[in-house]
Protein chains: 2
Amino acid sequence: MSIAEQAKNAKTASDILANSSIEQRNSALFAIAEMLENNMDSILEENKKDLDRAQNSPMLDRLMLDEARILAIADAARKITTLPDILGTVDRMWQRPNGLKIGQQRVPLGLVGIIYEARPNVTIDAAVLCIKSGNACLLRGGSDALHSNLELVRLMKLALQKVGLPDQAVEIIADPSRESAMKMMKLNQYLDVLIPRGGSGLIKSVVENSTVPVIETGSGNCHTYIDEFADLEMGLNILLNAKTQRPSVCNACESLVVHAKVAADFLPMLEKKSGHLELRGDERTRKLISCLPATEKDFYTEYNDMILSIKIVDSLDEAISHINEHSTKHSETIVTKDYNNSQKFLQRINSAAVYVNASTRFTDGFEFGFGAEIGISTQKLHARGPMGLSALTTTKYIIYGNGQIRES
Amino acid sequence: MSIAEQAKNAKTASDILANSSIEQRNSALFAIAEMLENNMDSILEENKKDLDRAQNSPMLDRLMLDEARILAIADAARKITTLPDILGTVDRMWQRPNGLKIGQQRVPLGLVGIIYEARPNVTIDAAVLCIKSGNACLLRGGSDALHSNLELVRLMKLALQKVGLPDQAVEIIADPSRESAMKMMKLNQYLDVLIPRGGSGLIKSVVENSTVPVIETGSGNCHTYIDEFADLEMGLNILLNAKTQRPSVCNACESLVVHAKVAADFLPMLEKKSGHLELRGDERTRKLISCLPATEKDFYTEYNDMILSIKIVDSLDEAISHINEHSTKHSETIVTKDYNNSQKFLQRINSAAVYVNASTRFTDGFEFGFGAEIGISTQKLHARGPMGLSALTTTKYIIYGNGQIRES
């Protein structure tokens, strides 16, 4: 079957999903969880084919499934059933002077395309969130995980059939070539949105080539700013958490900005606790502590590693300018006891999530209380910041009249 | 100055706009209105150059400015000052178990690109809405209106200077070539969104070529469905209003769908009142009234003219399928006295605005009560349906903590 035919079928299925009950959609998720648990052997067998091909690749750990991981994926699917149904919610409704009642109701996007790299768990996670929110999905995973992905989709289709929903609601592209991805990016007739999940190369390619609207999930060059009025102990605690608790993720801190008035106190505290953390400082920093030099390039870099760049500033304004210039507009935090400085930082920093006195690591759908996460959007259109199920919906206006016509 | 330089300057200005007070932004709109009124002569002189070049073009009326039109444009700018400021609004705020307070605050998109055709009034309208909502704009109008547009932007820049806002907040591309438009569509570094306003050719070109996120404003192949339980007098009233009150606009009705059980009563009523309206019916319609044949192509056509296609169906389900298949997902209405049919139509029709017992002509930012309109979005991402000022904003999360760090 061609990719366009798969997309067409999935689009047809999306209409049935959009009008299904939440009981049906939740029972599909339960059936998927059960299907995964009852078919460990076939999943592991297909996964082994992928692992054999990928021998010695650094991807191996991301690619690998075992019983514990499959149980965790099934468990995550079951947890999504406990979230409330978002469809049908009327965000607001008002009446016009002519008596028209206008409401704005949540409806699914329709057919969601997802392009991702070699992580088979994304295959289940993404499909489950789409089904829960009444969307069909067209998946295109990385070639490294192809055997695993095809088996996982086969099982999800069986689960959908079991509960009486169309199995075309979850389609996967079996050809993981560059050409298939390019074809997918031009399927405006069927695809309502395309979400790339993976490294910056993948995301850049999708943004540049897709004519389908894209939700860009992106990189995080996140900053911690230690204000002149900071509680320095709290600042160190927040900085080390944001930097080192899980350095490989997008909401980890990459750069410290510190006010000159407290730098001489704060930087030695940091140096003492830095452990395996590599510090790279600007010229003024290196007069206070011993560390490697930070170049302008460092300040633009998302290390995703145990490295921290350090910049000393003379004012909050300079800190804000520096951060707005170098950040990827993901998450930034100020540590301060000063009320006006906290408000100014919140107002002037142009990022998806702006914190006062807390770690940037909280930028996450679960930590925000959404109960799920599709990704973290660093674009401004449609959704910005952590995306929960509502990012997979749009709205339509429903208008109740009693014969109104327009006069002018 | 290159287009990229203009965009860069406008982006810098957007940061100042985003942090300006509503008094400043409103005073800019007053200053623009005054500047237009005080410079009628120079505007009309530049407009005459455009008119002279465009002689005998069908565009002439859209291109033409006169005193009355300029006063109306100035008046519209003043009216926008009466709308409330949307910036800073916190849509919702909640507290997490760890004490973090998370709020979602409205902020401007940043730099808005607008590509439009030969209507000089759009130059002012678009810029005014951007300024009101704290955005800078980069305009690219049609070549036919170039002299008018350059003069209007010159005057707006003077108005911005007068109130102490950066005049780079409104930039216009002086080269109206295809190449300049293509360059603009790739300015991802500076442009946050691109809104095409014009015919379907323009919109298609932007959707296909832009790497900047696009808000698609689009065409309307709108339907009126006369249910078997319709009040036929009301149905005729609504249909004729939707079709004939202003046939050239996107929310005008293009196609009548009528239930077979009432077709023999309804269609002769329509025929009698049709006047200059050209009717094109399917085979069953032509057994009931005399009219031209409607082909499958007719049912996909947005006439924007005094032509109506007619389809007879045997059930509400058939009506819904026919409409979802042929519509452009803009606006559709059902005329019915039956409660369940009204609910089913609202739920199942997949369009931006779905009506019960009212004319589709109400799909409009002013009629919806938004006080302004950027356009009517027929895409599902970011904004769907009539767009008011909020469509020119995004949100950022503001998070108040007191030392929270993430444990896992």
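Residue numbers begin at 1 in each chain, while the letters A, B, ... track the order of the sequences. Computed from a prediction, not measured in an experiment: that's the story for all the values here.
- Only the side chain of A:Gln245 comes within contact range of chain B, judged by heavy atoms closer than 4.5 Å.
- Interface residue A:Arg361: backbone and side-chain heavy atoms are both found under 4.5 Å from chain B.
- Options A:Val193, A:Ile238, A:Asn241 differ in how many heavy-atom pairs under 4.5 Å they form with chain B, and the most are formed by A:Asn241.
- The aromatic rings of B:Phe368 and A:Trp94 lie perpendicular to each other, with more than 60° between the two planes, well past the 30° mark.
- For A:Val354, the parts lying under 4.5 angstrom from a heavy atom of chain B are both the backbone and the side chain.
- Between A:Ile399 and B:Leu346, the closest heavy-atom pair is N-CD2, 4.3 Å.
- Summarising the geometry, atom CD1 belonging to A:Ile405 is positioned 13.0 Å from atom CG belonging to B:Asn357; distances are rounded to the nearest 0.5 Å.
- Ranked by heavy-atom pairs under 4.5 Å with chain B, the first of A:Thr394, A:Leu240, A:Ile349, A:Thr393 is A:Thr394.
- For chain B, the nearby part of A:Ser351 is the backbone; its heavy atoms alone come within less than 4.5 Å.
- Rounding to the nearest 0.5 Å places CG of A:Asp91 at 10.0 Å from CG of B:Asp91.
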- Given A:Arg406 and B:Arg246, is the side chain to side chain contact (heavy atoms under 4.5 Å, CB included) satisfied, shown in steps? CA-CA 10 Å; A:Arg406 188 158 163 190; B:Arg246 201 171 163 203; 5.6 Å; no
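- Residue A:Lys8 places its NZ atom among 12 or fewer non-hydrogen atoms of other residues, nucleotides or ligands, all under 6.0 Å distant.
- Ranked by heavy-atom pairs under 4.5 Å with chain A, the list B:Glu216, B:Gln379, B:Gln104, B:Glu367 is led by B:Glu367.
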- Message: A:Leu100 vs B:Phe362, test: side chain to side chain contact (heavy atoms under 4.5 Å, CB included). Steps then yes/no.
- Response: CA-CA 9 Å; A:Leu100 282 182; B:Phe362 288 105; 3.6 Å; yes
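- The minimum heavy-atom distance linking B:Tyr397 with A:Pro386 is given by the pair CE1-CD, 3.9 Å.
- Rounding to the nearest 0.5 Å places CD of A:Glu208 at 7.5 Å from CG of B:Asn188.
- For chain B, the option among A:Leu109, A:Thr363, A:Val214 with the highest count of heavy-atom pairs below 4.5 Å is A:Leu109.
- Neither the backbone nor the side chain of B:Val335 comes within contact range of chain A; no heavy atom of the residue lies under 4.5 Å from a heavy atom of that chain.
- A:Asn251 touches chain B through its side chain: at least one heavy atom from C-beta onward sits under 4.5 Å away, while N, CA, C and O do not.
- Residue A:Asn209: no heavy atom, backbone or side chain, is found under 4.5 Å from chain B.
- Heavy atoms of B:Ala352 lying under 4.5 Å from chain A belong exclusively to its backbone.
- Atoms NZ and CG, from B:Lys337 and A:Asn402 in turn, are 13.5 Å apart once rounded to the nearest 0.5 Å.
- A:Asp364 touches chain B through its side chain: at least one heavy atom from C-beta onward sits under 4.5 Å away, while N, CA, C and O do not.
- Residue-environment remark: CD (A:Gln343) exceeds the threshold of 12 foreign heavy atoms within 6.0 Å.
- Of the listed residues (B:Asn324, B:Asp15, B:Thr395, B:Asn19), the greatest number of heavy-atom pairs within a distance under 4.5 Å of chain A belongs to B:Asn19.
- B:Gly401 and A:Ala358 get closest at one heavy-atom pair: CA-CB, 4.3 Å.
- To the nearest 0.5 Å, the span separating NZ on B:Lys380 from NZ on A:Lys396 amounts to 10.0 Å.
- Interface remark: A:Ala18 contributes backbone atoms only to the contact with chain B (heavy atom separation under 4.5 Å).
- Contact annotation for A:Ile102: only side-chain heavy atoms (C-beta onward) come within less than 4.5 Å of a heavy atom of chain B.
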- Report the C-alpha separation of B:Leu381 and A:Ile215 in whole Å, then their side-chain angles, then the decisive distance to 0.1 Å, and conclude whether the side chain to side chain contact (heavy atoms under 4.5 Å, CB included) test is met. CA-CA 9 Å; B:Leu381 247 60; A:Ile215 299 180; 4.0 Å; yes
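- Heavy atoms of B:Arg96 lying under 4.5 Å from chain A belong exclusively to its side chain.
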- Message: Before you tell me yes or no, could you show the steps for B:Gln404 and A:Asn237 under side chain to side chain contact (heavy atoms under 4.5 Å, CB included), namely the whole-Å CA-CA distance, both residues' side-chain angles and the distance that decides it to 0.1 Å?
- Response: CA-CA 9 Å; B:Gln404 283 85 350; A:Asn237 205 19; over 6 Å; no
